[in-house]
Protein chains: 4
Amino acid sequence: MTIDNTNGGTDSRSGADTDADTDGGRAAAKPNPSRRSEQSRRAILTAARELVSELGFAKLTIEAIAARAGVGKQTIYRWWGSKGEVVFEAFLALSDPGEGIVLPDTGDVETDLKYLMRETVAEFADPAFEAPVRALNAEIINDPKLARLYHEKMAAPVDEAKKERLRSAQRAGQIAADVDLDLALELLYAPLYQRWLLRSGPLTEEYADSLVALTLKALRP
Amino acid sequence: MTIDNTNGGTDSRSGADTDADTDGGRAAAKPNPSRRSEQSRRAILTAARELVSELGFAKLTIEAIAARAGVGKQTIYRWWGSKGEVVFEAFLALSDPGEGIVLPDTGDVETDLKYLMRETVAEFADPAFEAPVRALNAEIINDPKLARLYHEKMAAPVDEAKKERLRSAQRAGQIAADVDLDLALELLYAPLYQRWLLRSGPLTEEYADSLVALTLKALRP
Amino acid sequence: MTIDNTNGGTDSRSGADTDADTDGGRAAAKPNPSRRSEQSRRAILTAARELVSELGFAKLTIEAIAARAGVGKQTIYRWWGSKGEVVFEAFLALSDPGEGIVLPDTGDVETDLKYLMRETVAEFADPAFEAPVRALNAEIINDPKLARLYHEKMAAPVDEAKKERLRSAQRAGQIAADVDLDLALELLYAPLYQRWLLRSGPLTEEYADSLVALTLKALRP
Amino acid sequence: MTIDNTNGGTDSRSGADTDADTDGGRAAAKPNPSRRSEQSRRAILTAARELVSELGFAKLTIEAIAARAGVGKQTIYRWWGSKGEVVFEAFLALSDPGEGIVLPDTGDVETDLKYLMRETVAEFADPAFEAPVRALNAEIINDPKLARLYHEKMAAPVDEAKKERLRSAQRAGQIAADVDLDLALELLYAPLYQRWLLRSGPLTEEYADSLVALTLKALRP
DNA sequence: CGGTAAACGAGACGGTACGTCAAGTCTTGAT
DNA sequence: ATCAAGACTTGACGTACCGTCTCGTTTACCG
């Protein structure tokens with residue numbers, strides 16, 4: 001984890017709105033982040049992570065998080081705006097890779113993509129991954145703010161690494177130079193993700209291979 | 001979301017299920033579907049539909065449905081196993097097209113697909129469509145049973161129509177004959193759906209066009 | 001203290017009130033007393049009585065009453081407006097003597113009053129009596145509604161019995177015929193009650209005797 | 001209500017107490033009264049007084065006092081043991097007459113007492129007097145320590161002045177020489193006080209007059 | 001007269017209880 | 001027997017204060 005600044009990351013109030021926040025007269029209190037207990041923060045995040053795995057997101061309660069963390073409920077409400085935010089930050093802390101992500105590059109884009117996609121299929125089959133990620137996605141559907149955070153903090157770094165691999169393929173002449181890489185990524189991953197998330201079909205390695213093959217046909221120069 | 005009730009299924013209308021069930025000694029009640037009040041059923045479904053649009057799924061309550069429908073809570077619990085089931089059946093009743101769906105076929109698959117995709121983009125931008133469909137998808141994520149029902153009752157017929165159009169394109173030599181049409185459909189729709197559902201990017205007509213163009217490149221003979 | 005319910009009183013059993021209340025439009029719910037659970041009511045009252053004795057009124061909580069009574073909090077909030085009302089009704093149920101109170105009448109008013117007053121002194125010294133009655137009085141000070149109820153339901157019958165004894169003394173020529181009996185009663189009891197309630201002095205049998213002697217001097221024909 | 005704090009008393013000014021206390025090893029802090037901020041003390045007392053009038057004692061909170069006084073909560077907890085103590089000292093500071101109280105003495109005890117009692121009746125009717133005094137009395141009921149303090153610091157001086165007037169009447173032969181003046185005072189005031197405090201009856205000037213007349217009958221030589 | 005320990009304002013903390021809401025179950029007439 | 005109505009137990013909600021515990025920041029005493 002990178003050294004934290006005052007903001008701390010998930011702070012919901014620093015939302016999309018332009019936080020000039022001169023506070024013309026709002027009654028709401030503004031907790032001072034510099035006095036925040038790092039110990040409590042970590043205990044809450046840990047408890048949240050554990051409980052999501054144990055109960056699933058829907059059955060998770062703020063009270064249970066507070067109890068497990070040995071923390072007053074107010075300490076949660078003071079720093080997070082919803083159950084979703086807590087859980088999201090818990091995931092964020094977990095998944096934070098620290099530095100850059102580098103994907104394998106054997107020189108053959110098809111080989112590498114098939115490897116990546118098979119890996120993703122395997123990951124989706126892991127029950128420890130399943131519950132929390134489903135929970136997060138279900139929340140994202142109904143919470144634009146969370147969606148934005150998710151894409152900024154969690155998806156973007158990974159996507160950037162994948163696009164870097166595609167750029168390398170472009171340089172190698174394996175993919176057309178004028179292809180929109182964002183679109184290309186969606187073509188590759190969205191079908192897979194959707195099958196898993198919405199259970200619209202079986203997820204096998206063969207499926208992953210077919211998907212890569214078909215997509216690469218579209219991307220070829 | 002909850003495991004299940006005695007009924008064993010969401011579809012309350014399929015009374016002819018496996019209801020041989022002479023019940024050897026279980027204490028649980030077995031409501032007799034033949035005595036069911038059709039009027040109450042419709043009032044509940046209508047109330048559910050209205051309330052999902054007004055409040056969203058998360059803020060929808062069984063009590064509110066019962067109140068709006070002028071119905072006792074027990075009448076809902078008697079025939080449905082969860083909030084999700086009620087709402088799903090409400091959608092189902094709404095979207096039921098009765099008979100087959102036929103998509104336009106001008107002879108040029110690119111034209112037709114672009115039209116279809118632009119139409120989908122427009123539909124996704126309609127607020128009246130937004131709330132309930134997001135709600136349904138959020139539930140599907142965490143409820144395999146609901147997912148199965150959704151794909152069987154709602155998605156399948158539409159998908160079949162789309163595949164029929166692709167088959168027509170295959171016959172016209174515009175799409176390779178050996179393409180897996182399910183996969184093709186996913187390539188086309190999953191990126192669009194994901195952008196909307198998970199808010200991973202802007203949804204424009206240009207995007208739809210690019211998506212069709214790129215996908216068709218993959219499908220070409 | 002609390003606003004009020006339509007009933008306007010603590011005694012929930014007196015359904016025959018003046019309940020003209022056609023309800024012009026208030027949104028508040030009106031629970032139907034005929035469906036009330038007598039078992040829960042009694043459990044609540046019993047728990048309240050016990051807990052006041054154990055903890056005192058100030059440390060008594062609605063939650064504790066509900067827990068001890070094996071009852072949901074809502075069931076308390078549904079039928080009573082405040083902690084004070086519950087406790088008051090608990091006392092009321094306890095102290096209800098059913099029928100009329102008759103005080104001893106030896107023919108000599110001084111003897112009888114001294115006996116009565118000494119009895120009162122003894123009662124005040126009983127710890128089981130102390131906590132709840134202090135609690136009730138403390139509430140009465142700040143709650144006019146409760147005060148009215150107290151005087152109507154609990155004090156009035158006892159006072160009437162005492163006045164009857166004084167009337168007997170008037171007939172016997174031991175007390176002036178034109179004395180205001182309410183005032184006489186206050187002269188007798190208020191000093192004693194105040195010493196106990198506000199702890200303004202020691203409560204002894206000698207004090208009771210002196211008080212009776214002095215008061216009777218004032219009441220003599 | 002709570003037993004006590006280290007300080008041992010409500011009167012924070014009596015710094016010279018039993019403060020030999022060299023403290024052999026207790027960990028508890030001993031705030032040094034000489035460093036106490038007189039400004040904060042006054043702000044707290046003022047805030048307490050205002051807030052009791054505005055909200056009543058029950059709804060008064062330490063936090064509100066601290067906020068209104070512009071003071072940290074700890075500053076209150078450092079010097080007082082309970083809400084009751086703060087409020088009591090606030091009253092005490094208010095009512096402190098500085099020096100001795102002298103009551104009118106026209107030579108006729110009945111005239112003077114009726115005047116005094118009517119004045120008391122008027123005082124009781126003043127809403128500014130009502131809230132805080134009721135609050136104080138309600139606390140006294142459940143707090144022996146507060147009761148003792150009240151009688152010592154607030155009641156005693158006034159009672160002494162009244163007894164002085166009665167002594168004067170004894171000297172003038174208007175009251176029997178052997179009358180217990182404490183008892184006499186109670187006979188006079190307790191009925192009035194009780195009517196007001198427990199709302200047991202209307203408080204009028206006529207009532208005050210009758211009370212004086214009847215009591216004097218008991219006190220006559 | 002400058003250093004230092006206290007008291008101070010502020011407010012975050014672990015808690016308890018509040019009064020409300022809804023869940024799902026159970027009971028009572030009415031149809 | 002199902003229905004509308006709604007009281008019931010349960011449990012979580014989000015809020016208000018509790019009394020304790022740091023935080024810097026004055027303040028006043030003492031060396």
Side-chain angles (χ1 to χ4, degrees), chain A residues 29-37 39-40 43 59-64 66-67 69-79 81-83, chain B residues 2 5 29-37 39-40 43 59-64 66-67 69-79 81-83, chain C residues 2 29-37 39-40 59-64 66-67 69-79 81-83, chain D residues 2 5 29-37 39-40 43 59-64 66-67 69-79 81-83:
Chain A
K30 300 160 295 177
N32 178 349
S34 74
R35 314 191 103 221
R36 185 172 184 178
S37 160
Q39 184 182 309
S40 293
K59 293 191 177 175
L60 174 68
T61 65
I62 297 274
E63 294 209 325
V71 138
K73 279 196 289 177
Q74 203 64 56
T75 300
I76 300 181
Y77 286 113
R78 183 151 36 230
W79 302 111
S82 68
K83 198 172 66 165
Chain B
T2 45
N5 65 341
K30 305 159 299 175
N32 178 348
S34 73
R35 296 182 141 257
R36 185 172 184 181
S37 159
Q39 183 182 312
S40 291
K59 292 190 177 176
L60 174 68
T61 64
I62 296 276
E63 296 212 321
V71 137
K73 283 196 288 177
Q74 200 55 250
T75 301
I76 299 182
Y77 285 111
R78 192 163 16 239
W79 301 111
S82 70
K83 197 171 66 165
Chain C
T2 46
K30 301 160 297 178
N32 177 349
S34 74
R35 311 189 107 227
R36 185 171 185 181
S37 160
Q39 183 181 310
S40 292
K59 293 191 175 174
L60 174 67
T61 65
I62 297 274
E63 295 211 324
V71 138
K73 280 197 289 178
Q74 204 66 65
T75 300
I76 299 181
Y77 285 113
R78 182 154 34 231
W79 301 111
S82 69
K83 197 171 67 165
Chain D
T2 45
N5 63 341
K30 305 159 298 177
N32 178 349
S34 75
R35 293 179 141 257
R36 183 172 188 182
S37 160
Q39 183 182 309
S40 293
K59 294 191 175 175
L60 174 68
T61 65
I62 297 275
E63 296 213 322
V71 137
K73 282 196 291 177
Q74 200 58 246
T75 302
I76 299 181
Y77 285 112
R78 184 152 34 229
W79 301 111
S82 69
K83 195 172 69 165

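Residue numbers begin at 1 in each chain, while the letters A, B, ... track the order of the sequences.
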Discussion item. Taking the axis from the first five pairs and the axis from the last five, what angle separates them in the helix from E:dC1-F:dG31 to E:dT31-F:dA1, rounded to 10 degrees?
Written reply: 10°

Output the rounded distance in Å from [atom1] ([X]) to [atom2] ([N]).
X     : N      : atom1 : atom2 : answer
C:W79 : E:dG19 : CH2   : P     : 18 Å
C:K30 : F:dA7  : NZ    : P     : 11 Å
A:I76 : E:dA12 : CD1   : P     : 16 Å
A:Q39 : E:dA12 : CD    : C1'   : 13 Å

Discussion item. Pick the closest DNA chain F nucleotide for B:A67 and for C:V71 by heavy atoms, then say which residue is nearer the 5' end.
Written reply: B:A67

Discussion item. Both C:A69 and B:A66 contact DNA chain F. Which one's nearest nucleotide lies toward the 5' end?
Written reply: B:A66

Worksheet item: Reckon C:S40 touches a base, only the sugar-phosphate, or nothing at all at heavy-atom distances under 4.0 Å?
Response: sugar-phosphate

Quick check: closest heavy atoms across [X] and [Y], and the distance to 0.1 Å?
X     : Y     : result
D:N32 : D:W79 : O-CH2, 3.6 Å
C:G72 : C:A66 : C-CB, 4.3 Å
C:I76 : C:V71 : CG1-CG1, 4.2 Å

Expected rows: protein N/O vs nucleotides 13-17 of chain F N/O, under 3.5 Å:
unit_1, atom_1, unit_2, atom_2, d
F:dC13, OP1, A:I62, N, 2.9
F:dC13, OP2, A:I62, N, 3.3
F:dC13, OP2, A:E63, N, 3.0
F:dG14, OP2, A:Y77, OH, 2.5
F:dG14, O5', A:Y77, OH, 3.4
F:dG14, N7, A:K73, NZ, 2.9
F:dG14, O6, A:K73, NZ, 2.7

Check the interface with nucleotides 1-3 of chain E: list each N/O to N/O pair with the protein under 3.5 Å, or write none.
none

Worksheet item: Starting at the 5' end of DNA chain E and moving along, which residue's nearest nucleotide shows up first, D:G72 or A:N32?
Response: D:G72

Response to the item:
Of the listed F:dC8, E:dA12, F:dC3, the closest approach to the C:R78 side chain comes from F:dC8

Discussion item. Counting only side-chain nitrogens and oxygens, does C:S37 get under 4.0 Å of the OP1 or OP2 atom of F:dA7?
Written reply: no

Worksheet entry | With sequence neighbours excluded, residues passing side chain to side chain contact (heavy atoms under 4.5 Å, CB included) with C:A64 | C:L51, C:T61

Fill in: With D:K73 via side-chain hydrogen bond (donor to acceptor under 3.5 Å, both in side chains) - residues at least two apart
D:E63

Item to complete: Apply side-chain hydrogen bond (donor to acceptor under 3.5 Å, both in side chains) to C:S37 and list each qualifying residue two or more places apart in sequence or on a separate chain.
Response: C:S40

Discussion item. Taking donor-acceptor contacts at under 3.5 Å, does the side chain of B:R35 reach the base of F:dT2?
Written reply: no

